[in-house]
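A short write-up of the structure that comes next.
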Amino acid sequence: MYTAILSGCFALHLLLGHCRGALEIQVPEDPVVAIFGKDITLNCSFTTDANFSLGDLSIIWQLTETRKMVHSYSPLQDLQADQVESFVNRTALFHEELEKGNASLLLRHVKIEDEGSFTCFVRIKEHKKAAIMLQLAASFSKPNLHLEPNKNLKPGDEVAIACHSSGGYPQATVHWHDGKGGNITKNVTTSQVANKEGLFDVRSVIRVILEPNSTYSCLVRNELLNEETQALATITGQHPKFPAVALWLTVGLSVCLLGLLAALGFVCRRKIQQSCKENQTEDGEEEEAEARTVMKPLKNADVKEAEEEVLE
Ligand SMILES: *[C@@H]1O[C@H](CO)[C@@H](O)[C@H](O)[C@H]1NC(C)=O
Ligand SMILES: *[C@@H]1O[C@H](CO)[C@@H](O)[C@H](O)[C@H]1NC(C)=O
Ligand SMILES: *[C@@H]1O[C@H](CO)[C@@H](O)[C@H](O)[C@H]1NC(C)=O
Ligand SMILES: *[C@@H]1O[C@H](CO)[C@@H](O)[C@H](O)[C@H]1NC(C)=O
Ligand SMILES: *[C@@H]1O[C@H](CO)[C@@H](O)[C@H](O)[C@H]1NC(C)=O
């Protein structure tokens, strides 16, 4: 488009000796993607002829839909009047580029509200305008996984695995995969909520029946940035094998409890028998509960280091 019009003008220039009255204005046809919080340049350029003087130039950048003022320049100076509050101190033209026909606008610290169409309006005797689309994007954080319930789990239990990722834009697509890489779409609920800056927090919950040594991974994808980030959890059942740490912990605790029981027994023998019996039952229950602790909290793995992490 850009080259087409320029060369059209160039051809005319060759034919007629000049390109009279041909103020042309160029902006990118595709939307410009800006990263939330960063600066972005909205490109706009115009044709100048041999007689061009900066004193004849006016530029207005405005929001296409509302025509609100984003930035204005009128012979030889920037004008602050009428600028929309949210753009104050955030816009600039490249002054040294103006005489080359460059009316590009620098927009600092882009916000989600900035998303939309901007019009570049140029006047040198005659005037032309063109619109450019600004699209905002932000990366999602690496997800956290959380098991509910997260204690005393055993194969066959129903469990909810929640995947949480935040600060992205636009909305993510979330996929769950099992250990073999297959998509799981059943029993998944995903919700996305915008925070006050307009960035999305995504939360996806999958309900599964636990199988021993099963892996679940949650993949959060930003289509616009073509980025994805994931977390995966491998759930190791106690059954049939006991993780070594848990085993030693249980053995240690059992020894302690036995010692405690022996001491209690010794004291009890000399005390009232009623209360002694109660104590023994409670301790017995505690030991049982400890031995049934099967699962441990989850760890996350980044997509780049997507090796399986076994939870222990
Ligand atoms: C430049 O200005 C001169 C005098 O004003 C005029 O004769 C000439 O046609 C102009 N050239 C162009 C390309 O506009
Ligand atoms: C813009 O910058 C000036 C000078 O640094 C400051 O006084 C003013 O408060 C700023 N305005 C906004 C809206 O940030
Ligand atoms: C206009 O100036 C900006 C800032 O220097 C630059 O990024 C852009 O490429 C220029 N555009 C053209 C068409 O030269
Ligand atoms: C899972 O879903 C995604 C997106 O719908 C798709 O690109 C991918 O090929 C699917 N994978 C499998 C194994 O079905
Ligand atoms: C998942 O959904 C299927 C039906 O789509 C249902 O039979 C199954 O019980 C559900 N699993 C869980 C863990 O809720």
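Ligands are counted one by one from 1 in listed order, and the atoms in each one are counted from 1 as well. Because the structure is a prediction, the values reported are computed rather than measured. Just so it is clear, the values below take in all heavy atoms, side chains as well, and ignore hydrogens, waters and symmetry mates.
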What atoms of ligand 3 come within less than 4.0 Å of a heavy atom belonging to F94?
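Within the 4.0 Å cut-off of F94, ligand 3 contributes 4 (C), 5 (O).
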
Evaluate S104 against T41 for side-chain hydrogen bond (donor to acceptor under 3.5 Å, both in side chains), listing each step before the verdict.
CA-CA 7 Å; S104 300; T41 299; over 6 Å; no

Can you check whether a protein heavy atom sits less than 4.0 angstrom from atom 10 (C) of ligand 2?
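Under 4.0 Å from atom 10 (C) of ligand 2, at least one protein heavy atom found.
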
Are H95 and Y73, when compared by the centres of their aromatic rings, separated by less than 6.0 Å?
yes

Establish, yes or no, whether a centroid distance under 6.0 Å links the rings of F87 and H71.
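No: the rings miss the under 6.0 Å criterion.
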
Under 3.5 Å, is there a donor-acceptor pair between the Y169 and E115 side chains?
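E115 and Y169 do have a side-chain donor-acceptor pair below 3.5 Å.
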
Classify the contact between N43 and ligand 3 as side chain, backbone, both or neither, using a heavy-atom distance cut-off of under 4.0 Å.
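Answer for N43: side chain.
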
Look at atom 3 (C) of ligand 3 and find which of L42, L106, L98, N102 reaches it with the closest heavy atom.
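Among L42, L106, L98, N102, the closest heavy atom to atom 3 (C) of ligand 3 belongs to N102.
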
Nearest non-hydrogen atom to atom 13 (C) of ligand 3 belongs to which of S104, G101, C44, S45?
S45

Give the residue and atom name of whichever protein heavy atom lies nearest to atom 1 (C) of ligand 2, and the separation in Å to one decimal.
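Among all protein heavy atoms, the one nearest atom 1 (C) of ligand 2 is N89 ND2, 1.3 Å.
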
If you apply the rule side-chain hydrogen bond (donor to acceptor under 3.5 Å, both in side chains), what do you find for S139 with E227, and how did you get there?
CA-CA 7 Å; S139 301; E227 260 180 14; 2.8 Å; yes

